[in-house]
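Here's the structure we're looking at; comments come further down.
Just so it is clear: chains get the letters A, B, ... in the order the sequence lines come, proteins before strands, and each one is counted from 1. Computed from heavy atoms alone, side chains included, the values below leave out hydrogens, waters and symmetry copies. Just so it is clear, the model here is predicted, and its values are computed rather than measured.
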Amino acid sequence: MRQPTGEQLVFHHSVFTETCKIPYGRVTSYGQIARRIYRPQNARQVGMSLKNLTTYTRFFDDPEFQNLPWWRVVNSQGVISKRERAEAVTEQATLLRREGVIVSERGGEYFIDLNEFGWFEDASDDSKSSDESDD
DNA sequence: TATCTGACTGGGA
DNA sequence: ATCCCAGCCAGAT
């Protein structure tokens, strides 16, 4: 893997920063993060940033990235996205359940109800944003 | 340099 | 609702 350009580092840093903002017990989508960092066409790239999380986070000093909550990011349908490391999927489901997120199974996939646990900056979530408590 | 791939999405059939 | 697919764009070969 090559050294990311400064522009890419900015992108990755933005993704990590936004991911860290996702409240405990809530989830958001790759596309939503892309929108939040003003790169609406880069949802796939958001996934890549998280895929290479350990590689990219070492380019930054931010200690908050040490325990970055990558598991709070799912796809726009509320499904835990498939990936090369299949184990990471069940691992993500476990981490989410540990935070109280209800993760149900559908044909071998793990599904989260975004109406219940989804986090969106424009959502009028007045009752659900109060149950935060970092670990 | 050319081509393929993927932790994505939204829209059309 | 489900399936399919073109667009997307940085990384990997």
* Asked: Can a salt bridge be assigned to the pair A:E109 and A:R106 using a cut-off of 4.0 Å between side-chain N and carboxylate O?
  -> no

* Candidates C:dG11, B:dT9, B:dA7 - which lies nearest the side chain of A:K51 -> B:dA7

* For A:R26 and A:E116, work out which heavy atoms get closest and say how close. => NE-O, 4.5 Å

* When the distance from CG of A:N75 to P of B:dA7 is rounded to whole Å, what number comes out? -> 12 Å

* Look at the side chain of A:Q77 and the backbone N and O of A:F111, then say whether any donor-acceptor pair between them is shorter than 3.5 Å. => no

* If you pin A:R106 and A:Q41 to their nearest nucleotides in DNA chain C, which one's is more 5'? -> A:R106

* Can you tell me if the side-chain N/O atoms of A:S76 get under 4.0 Å from OP1 or OP2 in B:dC8? -> no

* Asked: With sugar-phosphate meaning primed atoms plus P, OP1 and OP2, does A:S29 contact a base, only sugar-phosphate, or nothing at under 4.0 Å between heavy atoms?
  -> sugar-phosphate

* Say whether, by atom type as modelled, one donor and one acceptor occur between the side chain of A:S49 and the main chain of A:Q45 under 3.5 angstrom. => yes

* Please give, in whole Å, the distance from C:dA10 C1' to A:F11 CZ? -> 9 Å

* Whole-Å distance separating the CD1 atom of A:I80 from the C1' atom of B:dA7 -> 11 Å

* Structure fact -> Comparing A:M48 with A:R44, nearest DNA chain C nucleotide closer to 5' gives the residue A:R44

* Quick one: look up who C:dC8 pairs with, Watson-Crick or G-U, both distances under 3.5 Å, and put none if it's unpaired. => none

* **Side-chain N,O (A:Q8) to OP1/OP2 (C:dG11) below 4.0 Å** => yes

* Structure fact -> From CZ of A:F111 across to P of C:dT2 the rounded distance in Å is 10 Å

* Which whole-number value in Å describes the distance from A:R83 CZ to C:dG11 P? -> 19 Å

* Supply the atom-to-atom distance A:N75 CG to A:K82 NZ, rounded to the nearest 0.5 angstrom. => 13.0 Å

* Asked: Rounded to whole angstroms, how far apart are CG on A:L50 and C1' on C:dG11?
  -> 15 Å

* Under 4.0 Å: is that the gap between some side-chain N or O of A:S49 and OP1 or OP2 of B:dA7? -> no

* **N/O (side chain, A:Q77) to phosphate O (OP1/OP2, B:dT9) under 4.0 Å** => no

* Atom pair distance, as rounded to whole Å: CZ in A:R39 and P in C:dA10 -> 9 Å

* Structure fact -> Checking B:dT9, B:dA7, C:dG11 against the side chain of A:E84 (C-beta onward), the nearest is B:dA7

* Rounded to the Å, how far apart are A:H12 NE2 and C:dA10 C1'? -> 8 Å

